[in-house]
Amino acid sequence: SMAGVRSVGWNLGTVRELGGGIRDLVHGNLTPKASYVFALPITVGLAGAVTQYLYTGKGPENLKDYFRPRTGQLDPDGNEERVELPSYMKDLASYSSHPIETLKHKESPLLNTITSMLENQDYYGDQIRNADDPAMQQVQQETNYVANQFVPFSFKNLAEQRKRGQSVVSQALPFVGVTPAHRQDVRTPAQNALQEAIIKNSPHNRTPEEAQAGQVRSDLRRGLQTGTVTPDSLKTLQGQGSLTHRQVQSLERTAFVSPLVAKFKSLPLAEAEVIFAKANPQEQGMWLPILQKKREAKERDFQRPGGASNDFFHTPRNDFFKQH
């Protein structure tokens, strides 16, 4: 078990305590395990309420606030940042919202690392080593990948908190098990669908060099937003050959555009319509002008000589877009 599963005691304890407690309740026995089934959400909920109050000075306003307390800060998409407490409630929530991904994360790090290296593909679908690079460089790439697997979660969370510009207190909390909530649990349904579409349409199987270059551009974009990177420094990198003229223009153009707007613009019309239907009123107000432009562009294509019939655009759904 230790060789195949991550944190055997934690996972086995979840099954024994909660599973055993539910079994005892079904048989009408109020055993210590059965009382634990009731005590767990109450205790964690109280701890979550206190945590949110310490962060924001406000008590919980809904059930989600008890188990994923708000920090009072917003993410780049305008959603309220949340944290999770180190308890079995975190496992229950993960299994209910994204069970397949949760089970994958339970796999032993050693087995997961070996499998990924044999497939030459990391968690994000990128290459671990570039088969076209010299042999010693490939060895270095494999070594870097293995070393990264042994970095504790607390240090990885610390690095992420620093990137987001979190306070010193927020940066220290991962070391006692208080970690940022899963991004899927912070986003809205439309934003989750948008992110899935972006991942599906993004290039995969990038070489380590391409993945690193993409991370550098992402860091530069974040730096422009926070003021730690200036347009002049981008010009300097261009002069050194680290960035192309087109990449500099793209960074300057997109740095201060809402990520939700930029992502929605990149979608094909069909996917944009599906995601728009899931959006809340605020998101629809933000995305509607973009969607109208996509539909108008498509309509112009259909009206060109040899294009398809324009009757497709005269539907109740499309009339709604035109009215707005």
Side-chain angles (χ1 to χ4, degrees), residues 6-19 21-22 32-99 101-106 151-192 195 222 225-226 259-260 280 282:
R6 185 194 303 270
S7 304
V8 177
W10 176 279
N11 295 308
L12 192 58
T14 305
V15 175
R16 284 177 171 172
E17 288 298 305
L18 296 176
I22 294 173
K33 288 183 178 180
S35 14
Y36 181 78
V37 173
F38 294 107
L40 175 63
I42 294 174
T43 304
V44 175
L46 287 173
V50 172
T51 300
Q52 178 165 305
Y53 184 80
L54 293 175
Y55 261 121
T56 66
K58 298 179 181 179
E61 298 176 359
N62 52 55
L63 186 62
K64 192 174 186 178
D65 289 347
Y66 285 97
F67 302 107
R68 295 190 180 95
R70 290 178 281 127
T71 67
Q73 296 192 8
L74 302 178
D75 67 9
D77 295 332
N79 302 309
E80 292 191 282
E81 292 276 13
R82 296 178 180 271
V83 294
E84 288 184 317
L85 305 180
S87 77
Y88 288 132
M89 288 299 296
K90 179 162 61 173
D91 277 7
L92 291 177
S94 297
Y95 279 120
S96 61
S97 57
H98 29 83
E101 185 176 344
T102 302
L103 286 173
K104 287 181 179 179
H105 289 170
K106 298 298 183 182
V151 177
F153 287 137
S154 54
F155 285 95
K156 292 181 179 180
N157 285 325
L158 173 62
E160 181 62 24
Q161 294 282 49
R162 284 180 174 174
K163 283 184 178 180
R164 298 183 190 179
Q166 300 287 349
S167 65
V168 175
V169 174
S170 295
Q171 293 180 27
L173 285 177
F175 289 91
V176 293
V178 181
T179 57
H182 197 284
R183 303 311 302 165
Q184 290 182 356
D185 300 321
V186 174
R187 303 187 189 106
T188 66
Q191 291 174 16
N192 280 326
Q195 186 64 24
R222 194 191 304 267
Q225 295 167 353
T226 59
L260 292 178
N280 59 38
Q282 182 180 359

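Because only heavy atoms are used, hydrogens play no part in the values below, and waters and symmetry mates are left out as well, while side chains stay in. None of these values were measured; they are calculated from a predicted model.
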For a 4.5 angstrom cut-off between non-hydrogen side-chain atoms, does N192 reach R183? no
In terms of heavy-atom contacts, L18 and V37 come closest through O-CG2, 4.0 Å
Any heavy-atom pair between the side chains of F67 and P41 that's under 4.5 Å? yes
For K33, is there any backbone N or O sitting under 3.5 Å from a side-chain donor or acceptor partner on E17? no
Is the shortest side-chain N to carboxylate O distance from D185 to R82 below 4.0 Å? no
Which heavy-atom pair separates T71 from T56 by the least distance, and what is that distance? C-CG2, 3.7 Å
Spacing of CG belonging to N280 relative to CD belonging to Q191, to within rounding of 0.5 Å: 7.5 Å
Tell me whether N79 contacts the main-chain N or O of D75 through its side chain, where contact means a donor paired with an acceptor under 3.5 Å. no
Quick one: closest heavy-atom pair of P259 and D77, and the distance? CB-OD1, 3.4 Å
4.5 Å side-chain heavy-atom contact, T179 and K90: yes
Should the ring pair Y36 and Y88 be called parallel, tilted or perpendicular, given that the plane angle runs from 0 to 90° and is split at 30 and 60? perpendicular
What I want to find out is whether R70 reaches E80 closely enough, with some N-O distance under 4.0 Å, to be called a salt bridge. yes
In this structure, OG1 of T51 is separated from CG of L85 (nearest 0.5 Å) by 4.5 Å
Could you report the tightest heavy-atom contact between P60 and A49, atom names first, then the distance? CG-CB, 3.5 Å
In terms of heavy-atom contacts, A181 and R68 come closest through CB-CD, 4.1 Å
